[in-house]
There are 2 protein chains.
Amino acid sequence: MTGTESGAPRKQRADSRRNETALLEAAAAAFVASGVNAPVRDIATRAGVGVGTIYRHFPTRADLIVAVYRHQVEACAEAGPVLLAESATPHAALANWIHLFVDFLVTKHGLAEAMRSDDAAFQTLHAYFLARLVPVCAELLDAASTAGEIIPGIDPLVLMHGIGNLCIGADSPDYDARRMVELVIAGLRLR
Amino acid sequence: MTGTESGAPRKQRADSRRNETALLEAAAAAFVASGVNAPVRDIATRAGVGVGTIYRHFPTRADLIVAVYRHQVEACAEAGPVLLAESATPHAALANWIHLFVDFLVTKHGLAEAMRSDDAAFQTLHAYFLARLVPVCAELLDAASTAGEIIPGIDPLVLMHGIGNLCIGADSPDYDARRMVELVIAGLRLR
DNA sequence: AAAACATACGGAACACGGTTCCGTTTTTCC
DNA sequence: GGAAAAACGGAACCGTGTTCCGTATGTTTT
């Protein structure tokens, strides 16, 4: 027999795993269609499950968002060292990386808002993004600072928070988040 | 025939005016205590009126917010020309004025968020703020641009939108909105 | 194969905030 | 004083997020 001693926990049920992936797909679709605040019931319907199932798999909305965008955050994080190695100067690497981050944020309707929410439910989201990206940003800042290209003493956390804020409402036709971000990048430069 | 058809419409009832000022005071207090998203019922209770009365006087939350902060917005708007006349350079005037705007925003918990909301209910708020402040900002930008102190082609609307965004969450201990705003101001400078 | 058990499910029910509506009260004006 | 207009209050409604529990499904054991 499967000598599974009574100590080992049972493996996850098949339907549970199926529902989890169905939910991830449904959530991704709903996020594209209605932003990251798509109603819970919509997502449940898309996935063909009840609302309870969402909460069982993803206790908070932030958990769901993190799960949906995890690879993209990873990609952004991994791009940092690569850019540092390949760009002409550390400042250029920093600028390129920031633009990458902005690209990510502005294409996810409502993500920038969610990112900065102080709602306890979004704690996970905030924590994950920062844990993964702040060190990368710090490395780039350090390199540029050491190279004497930018003003010293910039806190990566503050910078990322600010960049995130600038991306809020980036889909409005009257606003230009990238322009503002460029001003910030220019402002970083040591003159 | 009442004969009043042609002449002046009836004057506003006394109780109505009383309630309106009571509401303004209650709202101001509620905004300080719980931010500009204080529950409607709270404000009604504070003012000692029913919720219906709020909606009769201020159809949208934005109307209420505008009414509460109107003088401060006016003060900010009027400060523009004064600063331009008194500051050492147009760029300094612009910087000072932006700091004034930031001071206003960061002391009104949740106002910056509300400012950028695309919710139709906040249309009035958005419209009023921009109508009043954008021209002032434009004047300052023009002066600094003409003096050759800043890069040309900055849209005052975009700049104000961005500054507003940077002030979101300014009460978090981990964030420093002013620092970010300073980066933007530095980024405006022509080098 | 069937029973026994653990796990997961669905969706009704609840909580909460904004908004509307209408019977009642208050004020104004003749 | 009395009728008409104006304003009031708050119950009721709606759309969301969230919880809970009886039921169904999958897994393990006999």
Side-chain angles (χ1 to χ4, degrees), chain A residues 1-23 26-27 30-31 34-65 110 113-114 117 119-125, chain B residues 1-23 26-27 30-31 34-65 110 113-114 117 119-125:
Chain A
M1 285 313 295
T2 67
T4 57
E5 65 277 51
S6 41
R10 256 188 208 193
K11 66 183 177 190
Q12 185 186 28
R13 268 170 55 165
D15 57 343
S16 173
R17 196 170 23 248
R18 265 202 313 277
N19 279 330
E20 195 163 315
T21 64
L23 271 170
F31 289 173
S34 328
V36 295
N37 292 309
V40 186
R41 274 171 257 256
D42 282 7
I43 302 175
T45 305
R46 275 176 193 265
V49 305
V51 290
T53 301
I54 291 192
Y55 284 93
R56 201 166 309 106
H57 286 276
F58 306 99
T60 73
R61 173 173 239 100
D63 295 320
L64 186 52
I65 297 175
E113 277 97 326
S117 165
D119 186 335
F122 285 93
Q123 203 53 39
T124 317
L125 179 69
Chain B
M1 308 306 111
T2 58
T4 60
E5 57 203 35
S6 54
R10 261 187 203 197
K11 64 183 177 188
Q12 187 187 26
R13 271 171 51 169
D15 57 343
S16 172
R17 193 164 35 243
R18 265 201 315 277
N19 279 330
E20 196 163 314
T21 63
L23 272 171
F31 289 172
S34 329
V36 296
N37 292 310
V40 187
R41 274 171 256 254
D42 283 6
I43 302 174
T45 303
R46 277 176 192 264
V49 305
V51 289
T53 300
I54 291 193
Y55 284 93
R56 200 167 308 107
H57 285 277
F58 306 99
T60 72
R61 180 179 292 277
D63 296 320
L64 186 53
I65 297 175
E113 277 98 325
S117 165
D119 187 335
F122 285 93
Q123 202 53 38
T124 316
L125 179 69

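Below, read A as the first sequence line, B as the second, and so on, with proteins coming before strands; counting in each chain starts at 1.
Taking atom NZ on K11(A) and atom P on dT27(D), their separation rounds to 7 Å, with Å as the unit. Between the C1' atom of dG9(D) and the CG atom of D15(B) lies a distance of 13 Å, rounded to the nearest Å. Note: CZ (R18(B)) to P (dG9(D)) measures 11 Å, nearest angstrom. Between the CZ atom of R41(B) and the P atom of dC16(C) there is a distance of 11 Å, rounded to whole Å. Atom pair I65(A):CD1 and dG17(D):P shows a separation of 11 Å (rounding to whole Å applied). Atom CG of D119(A) and atom P of dT16(D) are 17 Å apart (whole Å). Between the P atom of dT19(C) and the CG atom of N37(B) lies a distance of 11 Å, rounded to the nearest Å. Between I43(A) atom CD1 and dG10(C) atom C1' the separation is 17 Å, expressed in whole Å.
For the pair D63(A) (side chain) and T60(A) (backbone), a donor-acceptor distance under 3.5 Å is present. With hydrogens and angles ignored, the 3.5 Å screen pairs no side-chain donor or acceptor of S34(A) with any backbone N or O of F31(A). In this structure, R56(A) contributes its side chain and S16(A) its backbone to no donor-acceptor pair below 3.5 Å.
Evaluation of atom-type donor-acceptor distances gives no pair under 3.5 Å for the side chain of R10(B) against the base of dT27(C).
When every heavy atom of R61(A) is checked against every heavy atom of N37(A), the shortest pair comes out as NH2-C, 3.3 Å.
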Check: Between H57(A) and L64(A), does a side chain to side chain contact (heavy atoms under 4.5 Å, CB included) hold up when you go through it step by step?
Finding: CA-CA 8 Å; H57(A) 286 276; L64(A) 186 52; over 6 Å; no
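Annotation: of the two residues near DNA chain D, V49(B) and R13(B), the 5′-most nearest-nucleotide partner is R13(B). Nearest-nucleotide positions on DNA chain C for V51(B) and N19(A) put N19(A) closer to the 5' end. Take the nearest nucleotide of DNA chain D for Q12(B) and for A38(A): the residue whose nucleotide is more 5' is Q12(B).
Less than 4.0 Å separates DNA chain D from at least one heavy atom of each of the following residues of residues 52-63 of chain B: G52(B), T53(B), R56(B), H57(B).
When distances run from any side-chain atom of V40(B) to the nucleotides dT19(C), dA7(D), dT18(D), the shortest one goes to dT19(C).
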